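Structure first, commentary second.
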Amino acid sequence: GDSVTQMEGPVTLSEEAFLTINCTYTATGYPSLFWYVQYPGEGLQLLLKATKADDKGSNKGFEATYRKETTSFHLEKGSVQVSDSAVYFCALSTSNTGKLIFGQGTTLQVKP
Amino acid sequence: GAGVSQSPSNKVTEKGKDVELRCDPISGHTALYWYRQRLGQGLEFLIYFQGNSAPDKSGLPSDRFSAERTGESVSTLTIQRTQQEDSAVYLCATEPRGSNQPQHFGDGTRLSIL
């Protein structure tokens, strides 16, 4: 079945460091891909998305490119801030119902 | 506010009891999803409602789990004869009609089974 695999956390970085969180997927058909973020004490919210191959989603300095050839959607940010500390979830949707299949989440901790 | 509202925010109950969780969708959002998030894991899809269509129940883990929604209104998720492995955060998400629309998540109900 369809699945999403994320790099295990926690990921601990210093402020202004470069961030990559790896995400790969297995899916039949042509999924839409998403990154969701859950800040401490807050609900899950959409960070960015891409709906077809080679699309790049971007938001708040984060980017991810839909790579069909490597079935990947890695999240990157050039310079992280303490306020980026959160749990990041990669997800896909293939069905016309829109249900999301999530990875297990990666905790990011950014230290001053 | 105008977001997805879930209640209660926390629920502690004894093994074997029934529990009912509630989700109030954003007005006008026709699609509604329930997910479960166990500690340290990603979200698992449970059930999907879209208007008056038959729900997609393919993610419900056992027949102890059921959910109701009338039209585009409130949804309730019921867990009967709760077990300790049911302990999790139960999240509701809604989205407006149309493709490629983001899902809006509630803050969840944290369920603890003693």
Side-chain angles (χ1 to χ4, degrees), chain A residues 1-10 21-27 29-52 55 57-60 66 73 86-107, chain B residues 1-7 9-10 23-26 29-60 67 69 88-110:
Chain A
D2 298 344
S3 66
V4 175
T5 302
Q6 289 180 237
M7 63 186 290
E8 288 195 20
I21 300 179
N22 290 338
C23 171
T24 58
Y25 66 90
T26 302
Y30 302 95
S32 293
L33 301 174
F34 306 83
W35 278 99
Y36 278 82
V37 60
Q38 190 170 34
Y39 296 104
E42 298 186 19
L44 204 63
Q45 55 187 280
L46 179 67
L47 180 60
L48 54 85
K49 68 175 186 179
T51 58
K52 62 182 188 297
D55 269 3
S58 61
N59 186 25
K60 298 182 181 181
Y66 189 143
F73 193 55
V87 182
Y88 293 81
F89 292 92
C90 185
L92 68 81
S93 173
T94 56
S95 73
N96 56 10
T97 66
K99 71 183 182 187
L100 293 167
I101 296 170
F102 285 85
Q104 73 271 32
T106 303
T107 300
Chain B
V4 177
S5 178
Q6 291 189 245
S7 60
S9 55
N10 283 284
C23 173
D24 282 272
I26 294 172
H29 281 201
T30 59
L32 187 147
Y33 305 79
W34 283 98
Y35 295 89
R36 176 172 70 176
Q37 185 179 20
R38 288 173 161 158
L39 187 64
Q41 298 185 25
L43 282 72
E44 305 168 74
F45 166 77
L46 297 177
I47 189 168
Y48 160 74
F49 296 92
Q50 173 64 274
N52 292 316
S53 302
D56 175 356
K57 302 180 182 180
S58 60
L60 294 179
R69 187 188 190 201
V89 177
Y90 290 81
L91 289 160
C92 176
T94 70
E95 70 182 25
R97 185 180 299 277
S99 61
N100 296 321
Q101 296 295 318
Q103 294 181 22
H104 298 255
F105 283 81
D107 289 341
T109 294
R110 183 174 299 278

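Throughout, a chain's letter reflects where its sequence line sits, starting with A, and its residues are numbered from 1. Every value quoted in this text rests on a predicted model; they were computed, and no experiment measured them.
- More than 12 non-hydrogen atoms from other residues, nucleotides or ligands lie less than 6.0 angstrom from OH of A/Y39.
- Within a 6.0 Å radius of CD in A/E8, no more than 12 heavy atoms belonging to other residues, nucleotides or ligands are found.
- Nearest heavy atom pair, residue A/Y36 against residue B/Q103, reads OH-N, 3.6 Å.
- In this structure, CD1 in B/I47 is found 11.0 Å from NZ in A/K99, a value given to the nearest 0.5 Å.
- Note: B/D107 CG to A/L44 CG = 10.0 Å, rounded to the nearest 0.5 Å.
- The closest donor-acceptor contact from the side chain of B/Y35 to the backbone of A/L100 lies under 3.5 Å.
- Neither the backbone nor the side chain of B/S53 comes within contact range of chain A, judged by heavy atoms closer than 4.5 Å.
- Proximity to chain B is absent for every atom of A/Q6, based on heavy atoms less than 4.5 angstrom apart.
- Highest contact tally toward chain B, considering only A/G43, A/C90, A/G105, A/G98, is held by A/G98 [criterion: heavy-atom pairs under 4.5 Å].
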